[in-house]
Amino acid sequence: MFSRRWRFGWDRYSEVDLFTDRHETNTESLSQAIRAAVSEEPDADGSVLFGQMQGTVVGLRYYTGVVNQGEMVALVRQPQNPYDRNAVMVANVYGSQVGHIKRELAAAMAHVMDNNLAKVEGVVHSRTKNQFTMPVMLSFWGKEENKDAVIQGLARHGYKLNTDGNKGAGASMKSGPWSGTAPLPRKGLTIPLTAQELKNAFDNLFEGLMESKEGEKEAAEAVSTPLLPHQKQALSWMCACENKSELPPFWEKRGELYYNRLTCFSAKEVPERVRGGILADDMGLGKTLTTIALILTNFHKGKPLPVEKCSSPTKASANLRKAPKLEGSSSERDRTGVDDTAADSRCSDINQIEVICVDSPEAVEVESQKTSASQGKQKATKRKSKTEPPALLEDDGFAAALSGSTSGMSSKIKKTAKKATPAPGVETSSLSAEDLSARATLIICPLSVLSNWLDQFEQHVRPNVKLNLYLYYGSERNRSKKFLSSQDVVLTTYNVLSADFGNKSPLHGINWLRVVLDEGHVVRNPNTQMSKAVLDLKAQRRWILSGTPIQNSVKDLWVLLAFLRLKPFDVKDWWNRVIQRPVTQGDRVGIQNLQTLVKCITLRRTKTSEVNGRPLVSLPEKVVCVEQVKLTQEEREQYELARTEGRNTIRRYMAEGTVLRNYADVLAILMRLRQLCCHPDLLAKISSDLAAAATPAELRERLIEKLRLVLASGSDEECSVCLDSVRLPVITHCAHVYCRPCIAQVISTEKEMARCPLCRSEIKTNELVEFPPEEMEEEDSANSQNWRSSSKVDALMGNLRRLQFEDRSIKSLVVSQFTRFLTILETPLREHGFSFVRLDGTMSQKKRAQVIQEFQSSAPDSPVIMLLSLKAGGVGLNLTAASHVFLMDPAWNPAAEEQCIDRCHRLGQTKKVVVTKFIVKDSVEENMVQIQRQKQDLFEKAFGSKNADKKTSRIDDIKALMEL
DNA sequence: ACCGCCGGGTGCC
DNA sequence: ACCGCCGGGTGCC
C-alpha cells in the first residue's frame with residue numbers, strides 16, 4: 001500500500017500536472033512529493049491559506065521609505081535580535097526593514113514560524129495618520145496538516161485567525177485595502193481558470209512574442225555570415241534590450257518615485273534594469289550566430305566591439321584559422337606548428353579565432369607535442385594583442401603557479417593596474433552605472449556544445465578579424481582574472497563553472513560585460529551548485545539561450561529570472577508569492593502577470609513562425625519513405641518460432657494478470673522479436689533455463705541478464721520513479737528497473753513497508769541488483785570471421801551502393817537503437833570500401849566532437865556514413881552534412897525518430913533530405929509503426945496521464961504488438 | 001506616603 | 001504617540 005503521504009503526492013500531481021510536459025511531469029511531481037515528505041521546508045506551491053488576521057507594525061519611524069496602500073511586505077524572523085528573541089521584522093520587497101511586529105504578536109508568530117508550521121505574508125496600509133505604527137494584514141500559509149496547530153498556537157497567545165476566506169473578509173477584499181492577500185479561490189468573486197484554460201494559457205506562454213519586436217539590425221562588419229531576416233530581428237531586439245533605459249516590467253514612474261504595480265512597492269531609486277533576456281528561438285534558427293553577432297555588434301554605447309584587423313587576409317590565413325582548436329587531425333596540427341615558426345609576426349598568421357587555451361579535451365596532446373620554443377612563440381603572439389604590459393601577465397601566472405592561489409595575487413595586481421574595476425564585493429548597483437572598462441563576454445554551455453561554439457565563432461567571424469576567445473576549460477586553464485577579463489570572449493562549461501564556484505573562482509571575481517547561458521534550461525533546479533554558481537556571476541548584461549525555457553513547470557522559470565535579476569522575482573519568496581502560487585492555483589491575474597513578464601524579456605520564434613508573412617526559414621524538402629523488408633525463409637522460421645513462444649508466454653501472464661510482475665520478461669520477448677527483424681546475431685545469449693532459479697546466485701544471474709536486456713534494448717525505457725532515462729540502474733527481485741537513488745528513496749520513505757511502485761511486490765534495499773562492474777560490454781561476438789548478413793543489412797547495403805553510384809559526395813546517417821547492430825553493420829561497410837564514423841552514447845565528449853567534425857567536413861576523403869545510435873547525443877547535434885537518413889528499426893517513441901531526422905534536416909541543410917525507414921513485413925515492427933501513429937494522436941489529446949495509465953497503455957501496446 | 005494622583009520624559013524589537 | 005508606560009514629585013479641599 002502507498003502510505004498516506006504518497007497519495008498526497010499523487011493527488012497533488014493531478015492538480016498541477018497541467019503545467020508540465022507530459023513526459024517528465026508526473027515524475028517530477030512524484031519525486032517532488034518524496035522531497036516534500038522528507039524535507040522540513042513547506043513547499044510553497046502545496047500551501048493552503050489557513051487564515052488571516054490583523055497585526056501591528058511598530059518602529060515605523062526608523063523607515064525612511066514610502067509605504068503604499070496595499071503594499072506587500074515580508075515577515076522575517078530575527079532570533080538574534082538583542083531586544084527580543086521572538087522578534088519578527090517587517091521587510092519591504094527589497095528586504096529592507098520597514099518595522100517590527102509588536103512584541104506580543106511577535107511571540108505568537110515566532111512559535112509558528114520557528115516550527116515551520118506556516119509561512120506568513122503581509123500587506124500593509126499606507127502610513128497616513130500615524131507615523132509610528134501601522135496595521136498589517138497577515139496571511140498564514142502552510143500544509144493542511146499544520147492548520148490546527150497554527151490556529152491553536154496563535155490562540156494560546158490570545159490571537160484569533162480569521163479562517164473564513166469567503167464571507168466577511170472576502171467582501172471587503174474586492175476593493176478593500178487588503179486586496180493583495182486575496183485568498184483563492186473565492187466563490188462568486190473570481191472564477192479560477194479551469195484546468196484546460198490553465199493548460200492553454202501555459203502552452204501559449206511562449207507564443208506570440210513577436211509583437212512590437214520588429215526592426216532589423218545589420219551585424220557588425222566583423223561578422224562574415226549574412227544574417228537571415230529573423231536573425232537581424234533578433235539582433236535588433238537583443239541590442240535594444242542591452243541598451244534600453246526602459247523600466248523593467250511592472251514598474252512605472254509615479255512622480256519622483258518608482259512604483260511596482262504587482263507588489264505596490266515604491267522606491268526612490270530606479271529599479272535595476274534588466275539588460276538582457278531570454279532568446280528562446282527553436283533550435284536551428286541560429287541562436288548561436290545571433291549571439292556571436294551581438295557580441296561583435298553591441299559593445300559599449302552601441303558601438304561594435306573594437307577588434308584588431310589584418311589588412312590582407314592571405315590564403316595562408318585561411319588555412320591557419322583552423323589551427324589550434326578543439327578538434328582537428330594531427331596533420332593539421334603539424335602544419336600549424338610549421339607555420340607558426342615560419343610565418344613569424346605577420347598579421348595573417350594570427351588566427352582569426354585565437355583559442356588560447358590549448359588544454360581543450362582534445363588539445364592536451366597538442367600542447368605536449370609542441371616544443372617549448374613554439375610555446376614561447378605562441379605566448380609572444382598573444383601578448384602583442386594585449387594592451388597590458390606583458391610582464392604583468394607573466395608575473396600573474398607565475399605567482400599563481402607558486403602560491404596556488406590565483407585570486408589573492410591577481411586581485412592585488414588588478415588594484416594597482418586598473419582602478420576602474422570595482423573591487424569584488426561591491427555589489428551590482430555600481431555596475432548599473434555603466435562600467436565602461438568591462439570588456440569580456442562569458443559564455444557558459446554544456447560540454448556537448450562547446451566545440452560547436454568554437455566552430456561557429458570560426459565560421460561566422462571574418463578571417464581578418466582578431467577576436468580574443470579563451471576556452472576556459474581543462475586543468476591547465478589560466479585562472480588569472482586579469483587575463484580573463486581582458487578577453488573578448490571566454491567560453492566555459494557549466495561543470496567548470498560550478499567546480500570553480502566557492503573555490504576562489506576567478507570567473508566570479510570578474511565584472512563581465514555580458515554573461516550568456518547557453519541551453520539555459522539546464523539550470524532549473526535552484527538547489528544545485530550549478531544554479532548557485534550561475535546566479536553568483538557579476539555582469540552588466542545577461543542572456544539566456546534556450547529552445548525550451550520551461551522544461552517541466554512554471555517553477556523552472558525562477559532560476560532564469562533570478563539570473564536576469566528581474567526585481568523582485570530574483571528573490572524566491574516573492575516569485576512564489578506573486579507569480580508561482582497564484583498561477584498554480586489558476587488565478588487569472590497571476591497568469592496574466594506571468595504572461596506579461598515572459599513577454600517583456602523573451603523572444604521566441606518557432607520553425608513555423610513567419611516574418612512579414614514569410615516563413616522564418618525555408619528548409620529543403622524532406623521525404624520519408626518506408627522500405628518494406630522481406631525476411632528470408634530461414635529468418636522467417638526463426639522469427640515465427642520466437643513469436644509463437646513469446647505469445648504463449650504473454651498470454652499466460654495476461655490470464656494470470658501478472659504482466660506487470662513479469663514486465664521485464666515481456667519486454668525481453670518483444671526485444672528478441674525486434675532484434676530478429678534486424679539481425680539474428682543481435683540475440684543476447686539468454687541463460688538457457690527460464691525455470692525458477694534454484695539458488696540466490698542463479699536468481700542474481702538471471703536478474704542481471706534481464707537488466708542487460710532491458711537496458712541494451714536502447715528502447716526508451718525509463719525509471720518509473722523519475723521517468724527519466726535510468727541512471728545507475730538497478731533491478732528489483734520482481735524484475736523492474738529503476739535508478740538506484742530513486743528506488744532507494746522510495747524504500748527509505750516507505751520504511752519496512754516498501755513495495756515496488758510498479759507491481760507492489762515487497763522490495764528491500766539489499767535485494768537490489770546492479771551490474772557487476774566488469775559486465776558492461778562483452779564485445780566482439782560479431783567479429784568479421786563468423787559474420788553473416790541479414791535481409792535488413794542487405795536492404796541497407798543496396799541503398800548505400802546505389803547512392804554511392806549516383807553521387808559519391810552524398811552522406812548518410814544510418815540509425816539504429818541497437819548499438820550492436822551498428823557494430824554488425826561495420827563489417828559490410830568496410831568490405832564495400834565505405835568510409836564511415838560511428839557515434840553512440842558510450843563515447844566521450846571529446847571523441848564525439850571529433851567524430852562530428854570529421855563527418856561534417858567537406859574534404860574529399862571525409863567519411864560518407866555515420867553509424868548513429870538513436871539516443872546518442874541529444875538535441876543540438878548538427879549533422880547537416882548528411883542528406884540521407886536510414887532508420888534501421890522503428891522506435892517506440894516517434895519523437896525520438898523525428899529528433900534524429902532533425903539533426904540533418906535543419907538550418908544549414910542545403911540538399912533535399914531523404915529518410916528511409918526499414919520495416920520488416922509481417923512483423924512486430926509493422927505493428928510498432930501502427931502504434932506510433934496512434935500514440936501521436938493520443939499524446940495530443942490525453943495530456944498528463946498518470947504513471948499507472950502509462951503502464952497500462954504499455955500493456956495495450958504489448959497486446960497489439962503480439963496480436964493478442 | 002509601605003498609598004494614589006499629577007504631569008514630564010519618553011518611545012520598535 | 002492627540003497614546004501607554006515609567007518613575008519622580010508630591011500629598012485634603
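Protein chains get the first letters and strands the later ones, always in sequence-line order, with residue 1 at the start of each. Quick caveat: nothing in here was measured; it's all calculated off a predicted structure. Hydrogens, waters and symmetry mates are skipped; everything else that's a heavy atom, side chains included, is used.
Comparing C/dA1 with C/dC5, their C1' atoms are spaced 12 Å from each other, to the whole Å. The same atom, P, is picked in B/dT10 and in B/dC6; the two are 22 Å apart, to the nearest Å.
C/dG11 is paired with B/dC3 under the Watson-Crick or G-U wobble criterion, all donor-acceptor distances under 3.5 Å.
Looking at A/Asp84, its side chain has no donor and acceptor atom pair within 3.5 Å of the base of B/dC13.
Between A/Met53 and A/Lys160, the shortest heavy-atom distance links the atoms CB-O, 3.8 Å.
A/Lys572 forms a cation-pi arrangement with A/Trp558, by the criterion of a distance under 6.0 Å to the ring centre and an angle within 45° of the ring axis. Cation-pi geometry between A/Arg254 and A/Tyr259 is met: the NZ or CZ atom falls under 6.0 Å from the ring centre, inside 45° of the normal. By the 6.0 Å and 45° rule, A/Arg577 does not stack over the aromatic ring of A/Trp141.
Proximity of A/Leu564 to A/Ile278: side-chain heavy atoms (C-beta onward) are separated by under 4.5 Å at one or more points. Side chains of A/Phe250 and A/Asn593 form a contact here, defined as non-hydrogen atoms less than 4.5 Å apart. Between A/Asn86 and A/Arg103, the closest side-chain pair of non-hydrogen atoms is not below 4.5 Å.
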Enumerate all atom pairs, one protein N or O and one N or O from nucleotides 1-4 of chain C, separated by less than 3.5 Å.
| from | atom 1 | to | atom 2 | distance (Å) |
| --- | --- | --- | --- | --- |
| C/dA1 | N1 | A/Arg61 | NH2 | 3.2 |

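Atom OH in A/Tyr83 sits roughly 11 Å away from atom P in B/dC13 (whole-Å rounding). Atom-to-atom, NE2 of A/His100 to C1' of B/dC13 comes out at 5 Å; the value is rounded to the nearest Å. Rounded to an integer number of Å, the gap from A/Gln80 CD to B/dC12 P is 21 Å. Computed from coordinates, the A/Met89 CE to B/dC12 C1' distance equals 13 Å when rounded to whole Å. Straight-line distance from the CZ atom of A/Arg77 to the P atom of B/dC13: 14 Å, rounded to whole Å.
Within residues 102-111 of chain A, the residues having any heavy atom closer than 4.0 Å to DNA chain B are, in order of number, A/Lys102, A/Arg103.
As judged by a 4.0 angstrom heavy-atom cut-off over every strand, A/Leu60 is placed among residues making no nucleic acid contact.
Residues forming a salt bridge (charged side-chain N to carboxylate O under 4.0 Å, His left out) with A/Asp573 (at least two apart in sequence, or on another chain): A/Lys119.
Applying the 90° criterion around 0 to the glycosidic angle, C/dA1 comes out anti.
A donor atom on one side chain and an acceptor atom on the other are not found under 3.5 Å apart for A/Glu121 and A/Ser139.
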